[in-house]
Participant: 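Got a structure here, written out as structure tokens. Questions coming.
Worth knowing before you read on, the calculation uses all heavy atoms, side chains too, and leaves out hydrogens, waters and symmetry mates. Naming: A, B, ... by sequence-line order, numbering from 1 per chain.
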Amino acid sequence: MTDAPNGPWFTSLPPCETLVPCGRGQHSVRWEAGEFRLPSHTDPEAELVLAALGGDKARCVEIAEAWQRHTADLTVLGIGPRSPADEVTVSWDDVDAAGQAARSGASVLGYGAGPLASPPRAAMARAAARYQQHQQEAGEASQRRLDMLSLLALGTGFQVRLAGQVVAAHADRLDEPDELGRTIRSVLTAALAGRVALVAEQWLGIDPDQVEVSLNRGTGWGSVELTGRGEQRRLRVSLPAWWLARVWACGLALTGRHLVVAVERAGWPDARVLALSAPGAEPVSRSAHAVSRPSGAADAPHWEI
Amino acid sequence: MDREGAETYLRLLAEAAMRGSLTPAAGPRAPNASTIMAAGHALTAVGALDPVTAEEILTDFRLATTARQLHHQSGGQGVTAAEWLTQGQAVLRPRQVPARSPGEGAPWEDPDHGRTDYDRADRFVPVGLTVPFRAGAVRGELCLMSFAQTGSGARFIAAWQVHSPLLEVQLSHHYPGLIPFDEFTVTDDRGARYELDLTPGSDLAWPNMIRLSPAPPGTIRWLDVAPPYRQAIRVDLCSSEPAPAGDATRASDTTLSPGEHLLVMLAERLLTGTPEFPRRGLLAAPPTSPRQVVAGGFGVIIAALEAAGVLSPLSPVPARLATLCASLDLTGHGIAAPPTLDLPEPWLSLLAHYQRRKPEPTQMREGYAALAASLPELDGIRVILLGLQHTQGGSALHVLVQGQIPEPRPGPLDIDLNFPLSLWLKDSGGRWHAARPDRCHQAGQESAIRLRLVPPLTRPADRVEVLAGGRSAEVRATLPLRWRYLS
């Protein structure tokens, strides 16, 4: 489905670029057509080899590695932004401070409390093994969080594209657990609910807590129905997981006061979408055209019908 | 059981809480970390959700909310990047190592650590003997309620009293360190000698389990217990056949779902956690009290249990909880079901007790009643009643629990999963007393538990009715009591 007839999920997304402190200067890093690229580093592979031999690893290269490690990490959906207004602002100073804290924390953790009595060697060996395992797990968790902080520091454009990439990695295997044992369907349902509720609030002015969202299990685009009144009012939305990548991550969710429920023909800056003018209505095929924001930020697409 | 439904529910709850945290105007009813913890604890307690997953959801929620506070330091709610890195402490994971039982030493001292030998015949004997002692300026009485021998060891369940001219002893509720256990001699019918001690790992605030070391053979007929410089008192162990729970034991099937069972446990936790005779208007718990945290999470807990398929939307239990909350002045419970007057008789009895708002005159003296009665198995769990005690104005029931004891799951709901049964005593005056775990030592599939009676006994009943309820059945047994008093 990633390479459906209307193109990969990111076909409706423009490239995105930012500057990263690297060495003594600042280097540009770029996302384009689903790839994370380092235009300032001509041969990142060679730099990795040098780093393995004891040389310094460039921050750009570290970030590219972190990106690759997290393109299927469902945690990204939990931490990342829910809407354009939900900005997660992390500075490179934050990343440096967290890195220092992690390093000093590791050195403190290296000296545990001594044993209480005089246990025999077997017990000490077991305790040492448990301690080592704990240290390893803590180190891995710390690295994952440092990675995440670096990826958040890239800015909203990258955060949204990474979310799209994570969804694309899982959207066709909803009934499997991920490598950490999480139920993919549950994680994607929550990710969809968190984002659709805010879109619906903007679309209809409904309280987001009155929006009930489920993953569409059928083959169509899904359904959107409004029921009840007052406190009993509910907007019931059922959409496929791919909506998050092909529609939401591409900035198409609410276009020209329409809820876009599917992309018929992906493209940048022109796409064809299925859009709803109101709950319960039949979606209509529309042409969407991307326009530059007043700020000129091309990494935050804005569409009009 | 719908495990995916359970996980999805908790993730959606976290998402709603996340949304609330992004909206400064979100009301106090908006879900938050406490709500996620309460629902997560409920779902892990019924086995619908892995505790690690529940904890991960909570951690991700905290990471998400605090990531948005990285640059809010001036407002007082910000976090630093270093603090962000350490978000997420273990709150719902099962404990890695269960508490040691009486008789267990350090793990490296015992090659069979954790093993319980159920091949050996268990022996439970009511004793009911008082052993006076004197050691220097200290004198007192060691009151042997019962003797219990299982694969985990042999022990007396005892009450005791110490008299001393020392002021600190007079002021102290518990001073078991003064009992000269090492000066007692214990001999069996074959001349073998044993030592008494408050076992390693035992709790000085719970001096009711006195270990016999080494464990005697299962075939001995009696034990002579001799205090220092005094004549031995013989403990007859011959009546060691499996003890029936009184003359009248009735078992009946019940069909509580796992969700209903959990809600009943929570209800009884509320009932037994209510302060005694508060002044008028003070029955309501402060918002941060465990009772209010539990009650405040009921709406979400019920929804979570329904999403997990372990509670029917037609269940009568939520309506009972609504009545309970209203009766106990617990607000904000969020239970959608309207209150009902159809409450279980023991709940009504305890509510009536609280509504009296003043203590009843008590006719109880400090004392104990020997017991050794085994209840029929409930949900794979066998409960052996080993003594009833009244001291310092409180009453306690001592029990041994064997079988499929669930793993403890610490969490905000403060429920005792290692005693997953409902246990009530009805005195001869018709009043019900809830038995709530107070102290517990677990070893493998066996737990020694002291249950606190709420409210305490007020008159020395000559018999009590015991009501034990599990998910699949409940048992009623009538037990005759013979009280013995401390001097």
Participant: For the CD atom on B:Glu195, are there more than 12 heavy atoms of other groups (residues, nucleotides or ligands in this structure) within a distance under 6.0 Å?
Facilitator: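 Atom CD in B:Glu195 is not packed in, count stays at 12 or less.
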Participant: With a 3.5 Å cut-off and no angle check, do the side chains of A:Arg236 and A:Thr227 form a donor-acceptor pair?
Facilitator: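 Side chains of A:Arg236 and A:Thr227: pair found under 3.5 Å.
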Participant: For the candidates A:Ala141, A:Gly194, A:Gly78, which exhibits the highest count of non-hydrogen atom pairs separated by less than 4.5 Å from chain B?
Facilitator: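 So the answer, after comparing A:Ala141, A:Gly194, A:Gly78, is A:Gly194.
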Participant: Is the closest side-chain donor-acceptor distance between A:Gln143 and A:Asp147 under 3.5 Å?
Facilitator: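 Yes, A:Asp147 and A:Gln143 have a side-chain donor paired with an acceptor closer than 3.5 Å.
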Participant: Sub-3.5 Å donor-acceptor pair from the side chain of B:Thr44 to the main-chain atoms of B:His41, do we have one?
Facilitator: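 Yes; judged by distance alone, with no hydrogens or angles, the pair exists.
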Participant: Quick one: of A:Asp96, A:Val187, A:Val95, A:Leu146, who has the most non-hydrogen atom pairs under 4.5 Å with chain B?
Facilitator: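 Option with the top pair count is A:Val187.
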Participant: What I'd like to find out is whether the side chain of B:Met18 reaches to under 4.5 Å of the side chain of A:Arg82, using heavy atoms alone.
Facilitator: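 Side chain of B:Met18 against side chain of A:Arg82, heavy atoms only: contact under 4.5 Å found.
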Participant: Would you kindly say whether A:Asp94 and B:Trp84 are connected by a side-chain donor-acceptor distance under 3.5 Å?
Facilitator: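 Short answer, no.
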Participant: At under 4.5 Å between heavy atoms, what parts of residues 6-15 of chain B are in contact with chain A? List them by residue number.
Facilitator: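 Residues in range: B:Glu7, B:Thr8, B:Arg11, B:Leu12, B:Glu15.
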Participant: With sequence neighbours left out, write down each residue that passes salt bridge (charged side-chain N to carboxylate O under 4.0 Å, His left out) with A:Arg182, or none if nothing qualifies.
Facilitator: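 Salt bridge (charged side-chain N to carboxylate O under 4.0 Å, His left out) check on A:Arg182 returns A:Asp73, A:Asp178, B:Glu56.
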Participant: Counting heavy-atom pairs under 4.5 Å with chain A, which one of B:Gly5, B:Ala67, B:Ala82 comes out on top?
Facilitator: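 Option with the greatest count: B:Ala67.
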Participant: Quick check: under 4.5 Å, non-hydrogen atoms only, which of residues 207-217 of chain A neighbour chain B?
Facilitator: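 So the qualifying residues are A:Pro208, A:Asp209, A:Arg217.
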Participant: Are B:Thr35 and B:Asn32 close enough that a side-chain donor and a side-chain acceptor fall under 3.5 Å?
Facilitator: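 On atom types as modelled, these side chains qualify, holding a pair under 3.5 Å.
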Participant: Can you list every salt bridge (Lys or Arg N to Asp or Glu O under 4.0 Å) pair that touches residues 38-49 of chain B, not counting sequence neighbours?
Facilitator: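 For residues 38-49 of chain B, and leaving out neighbouring residues, there are no salt bridge (Lys or Arg N to Asp or Glu O under 4.0 Å) pairs at all.
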Participant: Give a yes or no on whether the backbone of A:Glu87 and the side-chain of A:Thr156 come within a donor-acceptor separation of less than 3.5 Å.
Facilitator: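 The answer is no, because no donor-acceptor pair under 3.5 Å joins these two groups.
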Participant: Heavy-atom pairs under 4.5 Å with chain B: which of A:Gly99, A:Ser91, A:Ala97 has the most?
Facilitator: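 Most heavy-atom pairs under 4.5 Å with chain B: A:Ser91.
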Participant: Heavy-atom count check: over 12 atoms from other residues, nucleotides or ligands less than 6.0 Å from A:Glu231 CD?
Facilitator: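 No, the 6.0 Å shell around CD holds no more than 12 heavy atoms from other groups.
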